[in-house]
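Note sheet for the following structure.
Note that these values count all heavy atoms, side chains included, but never hydrogens, waters or copies made by symmetry. In what follows, every chain begins at residue 1, and chains take the letters A, B, ... in the order their sequences are listed.
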Protein chains: 2
Amino acid sequence: MKRVTIHDVAETAGVSLATVDRVLNGRPGVRKTTIEKVQKAVDTLNYKPDIFAAGLAKKRLYRFHFLIPNGPNAFMEDLTREAATHAQTLSSDRMHVHVEPIDAFDGHRVAGTLAILDSSVCDGVAVVAPAFPEVRAAIDRLQDRGVPVVTLVSDHPSSTRQHFVGIDNVAAGRTAGRLLGRFLPRQPAKIALVAGSLGLRDHADRYAGCRAVIEADFPHLELLKAREGRDDNARNQDLVQRLLNDHPDVAGLYNIGAGNRGAIAALKASGRADDIVFVGHELTPYTSQALRKNILDAVIAQDPGHEIRSAIRVLKALSDGAPIIEGQERIGIDVFLKDNLPESPDVTKST
Amino acid sequence: MKRVTIHDVAETAGVSLATVDRVLNGRPGVRKTTIEKVQKAVDTLNYKPDIFAAGLAKKRLYRFHFLIPNGPNAFMEDLTREAATHAQTLSSDRMHVHVEPIDAFDGHRVAGTLAILDSSVCDGVAVVAPAFPEVRAAIDRLQDRGVPVVTLVSDHPSSTRQHFVGIDNVAAGRTAGRLLGRFLPRQPAKIALVAGSLGLRDHADRYAGCRAVIEADFPHLELLKAREGRDDNARNQDLVQRLLNDHPDVAGLYNIGAGNRGAIAALKASGRADDIVFVGHELTPYTSQALRKNILDAVIAQDPGHEIRSAIRVLKALSDGAPIIEGQERIGIDVFLKDNLPESPDVTKST
DNA sequence: AATTTCTTGAGGTGCGTTACTCATCAATAG
DNA sequence: CTATTGATGAGTAACGCACCTCAAGAAATT
C-alpha cells in the first residue's frame with residue numbers, strides 16, 4: 001500500500017524525473033513516443049499526484065467570486081449566508097470565497113462588476129445571472145479571459161457558462177401543478193397564479209410547467225391569468241387580496257416567485273386559508289411557519305446550501321481541470337409538506 | 001494577502017518554532033502562560049495551518065470502512081455503488097474507503113466483522129446497523145478502541161455511535177401519511193399497509209408517523225393492519241394481491257419498506273393501479289418507472305449519494321477532531337412525484 | 001562537416017508542517 | 001551544592017511535487 005510517486009513512474013518508464021515532470025505538466029520539448037512511454041507507466045502504476053504535495057508546491061489558491069442579488073429576498077439571503085459560511089470554513093483549504101452583493105435589476109452594473117474581473121484576481125465566478133444581454137456578454141468575455149463561470153439558480157443557457165447550478169424550473173412548475181391538481185378535489189375550480197415577472201426565465205419556466213400539467217392531467221381546473229407582483233410582498237398581498245375578492249370560486253393559489261409573505265398575509269386575512277390549496281417556492285422562516293399552520297400546503301424548494309457547495313466544487317474542478325461528477329452536482333427539486341420540514345427553520349447557525 | 005505561517009506566529013509570540021509546534025499539536029512540555037502567548041498570536045494573526053503542508057508532512061491517511069448490507073435491495077445497491085465511486089475519486093485525497101458487504105440478518109457475523117477492526121487498520125466506520133444487541137455492543141467496543149463510528153440509514157440510538165447519517169423515519173412516515181390523505185378523496189376508505197418487518201426500527205417509525213397523521217388529520221381513512229413481507233418482492237406481491245382481493249374498498253397503499261417491485265407487479269396485475277393511491281420508499285429504476293406510469297403516486301426517499309458523502313465528511317471531521325457542521329449534514333426527506341424525478345434513473349455512471 | 005534545434009538528463013530549491021533530537025538554562029528537590 | 005526535572009531554543013529530515021537551470025547528446029538543417 002505504498003504511494004506511487006513520480007520516481008516510480010520515471011523508473012518504469014525508463015526516463016528521468018524531469019521528463020516525467022514535463023509530460024505530467026504539459027511542458028514542451030518532449031517527443032511523442034516518450035510522452036506515450038510515460039503515460040503508459042502512469043497508467044500501469046495507477047499513479048495519482050498527491051494533492052497535498054502538489055497543492056503545497058504550486059502554492060495553489062482558489063479565489064472565487066460569488067455574485068448574489070441583495071435585497072429583501074429570503075432565499076437570496078440564505079444563499080449569501082451559506083456562501084459566507086463556507087468562505088470562513090474553507091479559508092484553511094486555500095479557498096477564498098468572496099461574496100459580492102449585486103443589484104439583480106441593474107444589468108449594466110452587474111456587467112461592469114464582471115468586466116473588472118480577470119484571472120489575476122479571481123479563479124472562478126458564480127453568478128445569479130440577471131437575464132440581460134449585457135450580462136450574458138460579460139460572462140462570455142470573462143470566460144474568454146480564462147475565468148470559469150457558473151450560473152447559479154437562474155441560468156443563461158445561451159452564454160458560454162461552463163455549468164449551471166440550479167434546478168429545472170419547468171419540472172419545478174410541473175411538480176407544483178401536480179400537487180395542486182392532486183390536493184384539490186376532482187371538480188371544476190379556479191387556480192390563481194402570482195409571479196414576480198414572466199419576463200424572468202425561471203418564472204416563465206415554472207409557469208409553463210404548471211400549465212402543461214394542469215391542462216394535460218387536470219382539465220377540470222382553470223388557471224387564471226398570472227399576475228405579476230415583482231416578488232414584492234406588499235404588491236403580492238394586494239394582488240392576492242384582489243384575486244380572492246374577484247373570484248370567490250378560486251380554490252388554488254400558486255405563487256411562482258418570491259414574496260410569499262405578502263400572499264400569506266392576504267390569504268390569512270381573507271379567512272379562506274384553510275380552504276385554498278396554496279403552493280409556493282423556497283423554504284424560508286415564513287413559508288415554514290405557513291406550512292405548519294396549514295396556510296401553505298406545499299413548498300417547492302431548492303437547497304441553497306447544496307447549491308453553494310456544488311458551485312464551489314464545480315469551480316474547483318474547473319480550475320483544476322478535473323472532471324465534474326454530474327450525478328453529484330444535480331440539484332434536487334425538494335418538496336416540503338408540513339411533515340418533512342428540516343428541524344430548524346434557520347438553516348445555518350452563527351456557530 | 002500573504003500567508004501567515006508558524007514562523008510569523010513564533011515571531012509575534014516571541015517564542016521558537018518548536019514551542020509553537022508543541023502548542024499547536026498539543027504536545028506536552030509547555031508552560032501555561034506560554035501556551036496563552038502562542039494562542040494569542042494565533043488569534044491576532046488569524047493563523048490557519050496550511051492543509052496541504054500539514055497533509056503532506058503528516059502523511060495522513062483516512063481509512064474508512066463502510067459496512068453495507070448486500071442482497072437484492074436496490075437502495076442498498078445504490079449506497080454500495082456510491083461508496084465505491086467515492087472510494088475511487090477520493091483515493092487521491094488520501095482517503096481509502098473500503099466497502100464491506102454484510103448480511104444484515106446475521107447479527108453475530110456483523111458483530112464479528114466489527115470486532116476485528118481497530119485503529120491500526122481503520123480510522124472510521126460507517127455501518128448500516130442491524131438492530132441486534134451484539135451489533136450495538138460491537139459498535140460500543142469499537143469506539144472504546146478509538147475508532148469513530150457513525151450509523152448509516154438505520155440508527156442505533158442507544159449505542160455510543162458518534163453520529164447518525166440518515167433521515168427521521170417518523171417524519172418520513174408522517175409525510176407518506178399526509179400524501180395519502182391529501183391525494184385520496186375526502187371520503188371513507190381503507191389504506192393497506194405493507195412493511196418489511198415492524199421489528200425494524202425504521203419501519204416501525206414510519207408506521208407510527210403515518211398512523212399519527214392519518215388519525216389526526218384524516219379520520220375518515222382506515223389503516224388496515226400492516227402486513228410484513230420482509231422486504232421480499234415475491235412475498236410482497238403475494239401480500240398485496242391478497243389485500244386487494246380481500247378488500248375491494250382499499251383506496252390507498254403504503255409500502256413502508258423495500259420490495260416495491262412486488263407491490264407494483266401485484267397492483268399492475270389487479271388492474272386497479274390507476275385508482276389506488278400508492279406511496280412507497282426509495283428511488284430506484286423500478287419506482288421511477290412506476291411513478292412515470294402512474295402506478296406509484298409518490299415516493300419518499302433519501303439520497304444515497306448525500307448519505308455517503310455526509311458519512312465521509314463526518315468521519316473525516318471526527319478523525320481530525322474538527323467540528324461537524326450540523327446544518328450541512330442534515331439528510332432531507334425527499335418527496336418525488338413523476339414530475340421532479342432526476343433526469344437519469346441510474347444515479348451514477350461508470351464514468 | 002559545421003551549425004542549429006530538439007530532446008533528455010541531472011540536480012537543485014522551495015512550499016509549510018510535522019515530529020523529531022539535542023542542547024540550554026532555570027528552578028527545584030535532595 | 002549537586003542532581004533532577006521542566007521549559008524552551010535551535011535545528012533538521014522528511015513529505016511529494018512543481019519549477020527552474022545547465023549541460024550534453026541526438027537529430028535535423030545548412
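- In this structure, the nucleotide among C:dT18, D:dG16, D:dC17 sitting nearest to the side chain of B:Arg27 is C:dT18.
- Atom C1' of nucleotide C:dG16 and atom CD of B:Glu11 are separated by 16 Å, given to the nearest angstrom.
- No salt bridge links B:Arg141 with B:Asp144; every basic N to acidic carboxylate O contact stays at or beyond 4.0 Å.
- One can place CZ of B:Phe52 at 17 Å from C1' of C:dT18, the figure rounded to the nearest angstrom.
- In this structure, B:Arg31 does not reach the D:dG6 phosphate: none of its side-chain N or O atoms is under 4.0 Å from OP1 or OP2.
- Using modelled atom types, one side-chain atom of B:Asn25 and one backbone atom of B:Asp21 make a donor-acceptor pair closer than 3.5 Å.
- Atom CG in A:Leu24 sits roughly 9 Å away from atom P in D:dC17 (whole-Å rounding).
- Contact between the side-chain N/O atoms of A:Thr19 and the OP1/OP2 oxygens of C:dT8 is not found at any separation under 4.0 Å.
- Going from atom NZ of A:Lys48 over to atom P of D:dC17 covers 13 Å, rounded to whole Å.
- Mapping A:Arg22 and A:Thr5 onto DNA chain D by nearest heavy atom places A:Thr5 at the nucleotide closer to the 5' end.
- One can place CZ of A:Arg60 at 18 Å from C1' of C:dG14, the figure rounded to the nearest angstrom.
- Distance alone, capped at 3.5 Å, is enough to place a donor-acceptor pair between the B:Ser319 side chain and the B:Asp123 backbone.
- Comparing B:Lys58 and B:Gly29 by the nucleotide of DNA chain D whose heavy atom lies nearest to each, the residue mapping closer to the 5' end is B:Gly29.
- Relative to the side chain of A:Thr34, the nucleotides D:dA10, D:dC19, C:dT8 differ in distance, and C:dT8 lies closest.
- The residue among A:Lys32 and A:Ala18 whose nearest nucleotide of DNA chain C is located toward the 5' end is A:Lys32.
- We find that A:Asp43 and A:Lys40 are not joined by a salt bridge, their nearest charged nitrogen and carboxylate oxygen being 4.0 Å or further apart.
- The side chain of B:Asp50 lies closest to C:dT17 when the candidates are D:dT8, C:dG9, C:dT17.
- Minimum atom distance to the side chain of B:Ala53 is reached by C:dG16, of the listed C:dC15, C:dG16, D:dA10.
- Heavy atoms of B:Ala54 sit under 4.0 angstrom from primed sugar atoms or phosphate atoms, though from no base atom.
- The nucleotide whose nearest atom lies closest to any side-chain atom of A:Asp21 is, among C:dG16, D:dC17, D:dC19, D:dC19.
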